[in-house]
Amino acid sequence: MDPLLIFQNPEDHIEYLTSENSEGQYFDRKEVRNHKTKDLDDAREKAYKTISAFTNARGGVLVLGIDDKGQIIGLNHLHEDEIKSIPKIINDKLVNHYARSREWVYEDKRLLLIYAPEGSSGICETTESPPKAWKRESANSLPLTSSDRERLVLERNKKFEQLTICEFDSSYINQSVLKVFKSLYLENTSANFDYEDETFLQYIGACKKENNVWMFTNAGYLFFTNNPRNYIPSAYVRFLKYESELKDFANPGTAIFDRDFDGCLPEMLRKIRSFLNESAFFKRYTYRKPDSSGIIEEFEYPLNAIEEAIVNAIIHRDYHNNQPIFCYNYRDAFVVKSPGSLKQDSYIPINFNLDEVRLFPYRRNITLVEWARIMKDERGQKYVKSLAEGTRTMLESMLAAQLPPPHYNTNGYTTVTFRNNFKEREARYYALSKQLGVEDILTIMQSGQGISSWPSL
């Protein structure tokens, strides 16, 4: 539910406001008692903490006068000055916010709505020394840690890619990747002359001088060096496979497959693509046509949809987060979990299916996106074809395979879930086998599916 729409037209969303389980990433509410002075102080404190958390996340709306169960209590028992003191303390207590408030009367009960959009610069924090700030995680407003602060500043100032990470050393560079990229870059820019490798890396911003010392930038280190994990420990993708189902994700049992993929980003993408094509990580269904005129092959998932999710995770993830990208393979689902919430210019729900929400390009790592659009693999195919096509390809590929649309969760991480409907599919195959009286109509193999190139973002 879009918090701004709630703020502007609360009468249209009364069912949501009073639902017992509606509090979450973008919405909070509180009953304000007046049994004693402390009750009003508690309400004021909750208000400024929640507004700080909303501002430091993706925004949200706080409604005062509704209890935790959704019962409308109202604020009629408060004096006018007491009601006005709540927005006032937010303005007095916090900096770097754009919160605004309004009163609303529902069935003769006064309510106070406070809307806070996402902050565009700085951290929304208290004016005291040292300042305090909060972040929003689901229905909770939690204190901002020092790591949270650093990441938020970098993200808002969009400086992460051009920050330096370590002293430049040409021995760190993956020469084959650099050779291909340099040739393509110069070709795309119609350059009339060549550059020495180090000069070229300086020119594109992969390294820069700091205190008279040449240093790798974060973007250059991730894209061109052999082992980014030396200085960015989370720069890898971990694949895990379980015999359990997604519903058992909290206790899935022992993984039957566990492997990390790392290296500079183009090399990591190449290795993952080869793995998905050539390994037995996913199932392949091979069965006879009903008229016995030939063989049909169906794959557990359309691999171009899976690869779209993985390439988006690698290019767009929050590299300041100390967690890697996780790819979980359950019996009934494949999950790609990437650090960093999905960013969009407009509101999106925490949970949604891809056929319900249209996503637009939002480039957290602008430099990495542009470099990935230039780079080609060993077959001469671009790793990234063009912007804004990736999620559309994911959706269309899943629907064409008669599988559910990908499901997104954007609560702190960007998690994309693909369902394979294996029970229904295999039951259908076995029913066909019985109908035709053919015992071996279905063969389930562990194999990969060939693809010609990496997908687009």
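Computation of the quantities below employed the complete heavy-atom set of this structure, encompassing side-chain atoms and omitting hydrogens, waters and symmetry-equivalent molecules.
Asn218 contributes a side-chain N or O that, together with a main-chain N or O of Phe160, makes up a donor-acceptor pair within less than 3.5 Å. Remark: the backbone N or O of Phe281 is paired with a side-chain donor or acceptor of Lys241 at under 3.5 angstrom. Using a distance-only test at 3.5 Å, with no hydrogens or angles considered, no donor-acceptor pair links the side chain of Arg317 to the main chain of Pro339. Looking at Asp332, its side chain does come within 3.5 Å of a backbone N or O of Leu246 through a donor-acceptor pair. Judged by distance alone, the side chain of Thr217 and the main-chain N or O of Ala206 form a donor-acceptor pair under 3.5 Å.
With ring centers used as reference points, Phe299 lies 6.0 Å or more from Phe282. Aromatic pair Phe224/Phe181: centroids less than 6.0 angstrom apart.
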| message | Apply ring-ring contact (aromatic ring centres under 6.0 Å, His included) to residues Phe239 and Phe261 and explain how you reach the verdict. | response | CA-CA 8 Å; Phe239 279 74; Phe261 291 87; 5.3 Å; yes
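Remark: the Thr410 side chain and the Arg58 side chain contain no N/O donor-acceptor pair separated by less than 3.5 Å. Under the 3.5 Å distance criterion, with hydrogens and angles disregarded, a donor-acceptor pair is assigned to the side chains of Asn174 and Ser176.
In this structure, Glu300 and Phe334 have side chains that are not in contact, with every pair of non-hydrogen atoms separated by 4.5 Å or more. Counting heavy atoms from C-beta on, the side chains of Phe27 and Pro3 never come closer than 4.5 Å.
Ion pairing of Asp197 with Lys179 is absent here, as no side-chain N (NZ or NE/NH1/NH2) approaches a carboxylate O to less than 4.0 Å. Comment: Lys376 does not engage Glu187 in a salt bridge, judged by the lack of any side-chain N to carboxylate O separation of less than 4.0 angstrom.
When the options Thr55, Asn56, Asp28 are evaluated for a side chain to side chain donor-acceptor pair (under 3.5 Å) with Arg136, the one that passes is Asp28.
Both tests do not hold together for Lys337 against Phe326: distance to the six-membered ring centre under 6.0 Å, angle to the ring axis within 45°.
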